[in-house]
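For reference, the structure is listed below as structure tokens.
Quick note on labels: first sequence line is chain A, next is B, and so on, each numbered from 1. All figures in this text were calculated on a predicted structure; none of them were measured in a lab.
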Amino acid sequence: METKYYFDYNATTPTDPRVVEEMNKFFIENFHNPSSFYRKAGEANFAVQKARERLAELINAGSSEIIFTSGGTESDNLAVQGTAYKLKEKGNHIITSRIEHPAVLKTCKHLEKNGFQVTYLPVDRYGFVDPEDLKKNITDATILVSIMHANNETGTLQPIKELVKIAHHKGIYFHTDAVQSTGKIPVDVRDLDVDLLSFSSHKIYGPKGMGVLYKKKTIKITPLLFGGGHEKGLRAGTENVHGIVGMGKAAEIARLEMAEEKKKLRPLRDRLQKEILEKIPEVIINGDTGKRLFNTLNLSVKYIEGEAMLAMLDQQGFALSSGSACSSGSLDPSHVLLAIGLKHEEAHGSLRISLGKYNSREDVEKLIEVLPAVVERLRNVSPFWQNK
Amino acid sequence: METKYYFDYNATTPTDPRVVEEMNKFFIENFHNPSSFYRKAGEANFAVQKARERLAELINAGSSEIIFTSGGTESDNLAVQGTAYKLKEKGNHIITSRIEHPAVLKTCKHLEKNGFQVTYLPVDRYGFVDPEDLKKNITDATILVSIMHANNETGTLQPIKELVKIAHHKGIYFHTDAVQSTGKIPVDVRDLDVDLLSFSSHKIYGPKGMGVLYKKKTIKITPLLFGGGHEKGLRAGTENVHGIVGMGKAAEIARLEMAEEKKKLRPLRDRLQKEILEKIPEVIINGDTGKRLFNTLNLSVKYIEGEAMLAMLDQQGFALSSGSACSSGSLDPSHVLLAIGLKHEEAHGSLRISLGKYNSREDVEKLIEVLPAVVERLRNVSPFWQNK
Amino acid sequence: MMYTKKVMEHFQNSQNYGKIEDADGIGKVGNSRCGDVMWIYIKVKDGKIADAKYETFGCVAAIATSSMAIDMIKGKPVDQALSITNKAVAEALDGLPPEKMHCSVLAEEGIKSAIEDYQQKNK
Amino acid sequence: MMYTKKVMEHFQNSQNYGKIEDADGIGKVGNSRCGDVMWIYIKVKDGKIADAKYETFGCVAAIATSSMAIDMIKGKPVDQALSITNKAVAEALDGLPPEKMHCSVLAEEGIKSAIEDYQQKNK
Ligand SMILES: Cc1ncc(COP(=O)(O)O)c(C=O)c1O
Ligand SMILES: Cc1ncc(COP(=O)(O)O)c(C=O)c1O
């Protein structure tokens, strides 16, 4: 069966048709290099500037504070490596959390091999970093705190404002990976007062291969990519004009429509949660049910494994994801779910349901109908369920 | 007047309509994350693999030797930084040339600030690196030689095979920036025997924001971007599926049609050269007229400045580029033209005409008609011409 | 993740699962930390595997290899069952993704362990 | 590169260029290394700039500012011409891109240098 019921919007989103339309003319008609001299190049350059303003507006930044990158991963790398290398004379200590995306975590691991020290703050069982914990772990050598806004697996929202205050009190830069929150909920860099913030186009109905690093005007970082002086020397490379334009349009749409999306999707997510808990015994909700992205529902179905659920669901046209190691080809299940204290079996049995703007009430009812049977079948096969 | 006569294919190219068509379904219909579990994700993954094979075929590589990047700049950075950081225990000396693209040159400058030593080989007045010079400059600390295949301004083609032999004789890695040659002329990594080779999608009628680093199977480098383990851990980030697919299609078209393009464009370029030299006195051809990209013509019109020429031509619908500082907003004119021994005034007066597959005979005749009048007008204004 | 048709068939439609209450041998292999646990039950009659069943906690490949392994040993003399290799199980399924080959290893171990349990009890 | 309409007009259609063979003052400023050289010729009559012309090697902005500067000094008393600023030239052109402001500085210097040359000769 075709993939018909898409519940994996936190993984990636379809490009909004209005975005596709806005990009179209930048492939053939206005393909020109925005740095070139002639007037068509000027038009491309103008389109890039307009997109920059739209992106700035989405997060309440100045347009000169927007750095275009190739995605959330590059934004995270540029923020973390860029700050680390810039400030290495000042200190070599970075604080992050155990539930970050690999784009931050693995970057930190890399820095550890290159003379930096990294503290990975634990989280409680709802996925929150404790601000007191941040305070305690700051040393004279701390140069950067990087803590994500919304977690991609559980949707838990960190108290960024409070954490930023603690870091700034000691004059330490603060980066937040806002890949999952930007475009879904209001993200205001002035209000949060972060120094660096990452987000990604393909999570907000924009094209893949584009991202943004917001960098506060007063902050200095070392570039990762050197070359033709694009992005004020902070990120070289011929501009991906269609990508930039598309991401700009996606940002505008998100800004104007996010409230509406929330109004529609939150009740759907809540209904899913309620019905699943009612219909399927021994299910755990992962993450906080209060301070959580309105589109995300992460749960562990005890006694069975996630990839098997995904496969059964896939057969019936459903697209979801799991924190099971088996679905990712890695050895350990989700580091996020382990960090909030799940046992390995429980993490293996996790399902992430993430909704988006093309989900209908019908999709949700269909999932409510199908999931219990899938769970039952797999539990019938499971030695843990049969012998508990 | 609209930009009607495009002679700046070395800057960027329009996306081939067949490429646009191939990409189309990856925005909305098959937008899925290739790393996800469900079948639509499998289709995206399959499309990525197919593109990988097409790209490998273009340069006679194995498909496992293709690393997807965000463009030529990132490929160059990954090759040079990636090798430098990987081999830093072995040595700290890099050899490159004075005519490299900023993506290599500025990366080398950055490495110089971080404990590496870089030798910038000079070139002769045709733009060639002297292999003897390479030989002489190799030391025990040399870990990498990075010399470009075709120069973007003059089109001069380096004797890469010979240079590679010299480097390999001493067990030193060889990277070549083949952004301007790949897709235009046959580039065979096995024949050249390079270890690393960069190229870029938007120079070969593919979408912007995509590039490739070829990495020989046996070579190890340090990644620049860390995260979700994509590209075998060498380049993290959710795959830019439409970009990859589009670049793959562009590679296939280039492979099949490059001979034809050359047959068409070379005579056009040669005619331009002949007519310009006949109609306009005191013009210098920059670069070698033999070992040169068939689409490129770089010349200096003495006594006048390039940006002024570009502007006059732009008014009449022509898109070209110049090595003048005035057209780029920088202070010095083209480092490439200075490296081949032009005086500053001559470099300021340079024009680069680069042809591509949508250029017609008519375009060329039109340029031959218009250019002499532009030059005359500007020479009439010039104190150097009037008072020589 | 690309599984063969055979794998998906065994995963979805297998009837080989369940418990044998009076099993002659039980093999319990795997580790829930890693996400795969397999229990193999066998019933032996006249030196042959008269019946066999599995219970598996694990991914598609784990469940499919369990099911296939049961198919392959049922009716076989015990010593033949003992010599079934993980490669044979994987091949019977028209192959497994490389990162899933360990599941077929588990199936082989599960069978061996059930037979050993039987042999232990009948020494 | 975005130039104003005025800039493009002066760049393309200026008739102020050329040589004044019996000029009373000549200013030669700029440096061909940097890509801009301006020669300003003036003819002075009764304390006024009776005629002026330029010859310029340089970019659009260099040529347009030369032309505008000539417009601005022609007919003016010498001391008024002397007080023309680069900002005034740029403004008269409806502005210049920031990285091109140096061209207007060159125009101001060219005029000053031509007038100084004239004053030197007539001391
Ligand atoms: C929280 C978070 N950070 C970073 C990323 C990486 O972004 P991208 O896929 O654009 O590289 C993702 C998504 O994959 C994410 O969910
Ligand atoms: C020789 C050369 N190298 C590298 C690059 C950079 O490639 P990209 O524009 O894809 O970043 C270019 C083009 O700008 C080039 O001509």
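Of the listed residues B:Leu78, B:Asn77, B:Leu224, the one with more heavy-atom pairs under 4.5 angstrom with chain A than any other is B:Asn77. Here B:Ala236 is the residue among B:Ala236, B:Cys108, B:Gly243 with the most heavy-atom pairs under 4.5 Å with chain A. Contacts with chain B were tallied for A:Ala41, A:Pro14, A:Gly246, A:Pro102; A:Pro14 has the most, counting heavy-atom pairs under 4.5 Å. The most heavy-atom pairs under 4.5 Å with chain A, out of B:Asn24, B:Val104, B:Thr107, come from B:Thr107. Note on B:Gly72, B:Gly209, B:Pro207: by heavy-atom pairs under 4.5 Å with chain A, the leading option is B:Gly209. Of the listed residues A:Val241, A:Asp76, A:Thr13, the one with more heavy-atom pairs under 4.5 angstrom with chain B than any other is A:Thr13. Contact count against chain B (heavy-atom pairs under 4.5 Å) is highest for A:His110 among A:Met23, A:His242, A:His110, A:Gln81.
Residue B:Lys113 does not touch chain A at all, counting heavy-atom pairs closer than 4.5 Å. Contacts between A:His32 and chain B at a heavy-atom distance below 4.5 Å involve backbone atoms as well as side-chain atoms. Within the 4.5 angstrom heavy-atom criterion, no atom of B:Leu313 approaches chain A. For B:Tyr6, the part lying under 4.5 angstrom from a heavy atom of chain A is the side chain only. In this structure, the portion of B:Asn114 lying under 4.5 Å from any heavy atom of chain A is its side chain and not its backbone. Contact of A:Leu320 with chain B is made through the backbone alone, with heavy-atom distances under 4.5 Å. With a 4.5 Å cut-off on non-hydrogen atoms, B:Thr69 does not touch chain A at all.
In this structure, B:Ser354 contributes its side chain and B:Asn10 its backbone to a donor-acceptor pair below 3.5 Å. No donor-acceptor distance shorter than 3.5 angstrom exists from the side chain of B:Lys4 to the backbone of B:Phe318, with no hydrogens or angles considered. Counting only distance, with no hydrogens or angles, the side chain of A:Glu100 and the backbone of A:Met148 share a donor-acceptor pair below 3.5 Å. Formation of a donor-acceptor pair under 3.5 Å by the B:Lys208 side chain with backbone atoms of A:Asn240 is not found in this model. Of the possible donor and acceptor atoms, none in the side chain of A:Thr83 sits under 3.5 Å from a partner among the backbone N and O of A:Ile221.
For B:Asp8 and A:Tyr38, the side-chain atoms include at least one donor-acceptor pair closer than 3.5 Å. Using modelled atom types, one finds a donor on one side chain and an acceptor on the other under 3.5 Å when comparing A:Arg235 with B:Ser70. Side chains of A:Glu307 and A:Ser324: no donor on one and acceptor on the other come within 3.5 Å.
Both tests pass for A:Lys357 against the ring of A:Tyr205: distance under 6.0 Å to the centre and angle within 45° of the axis.
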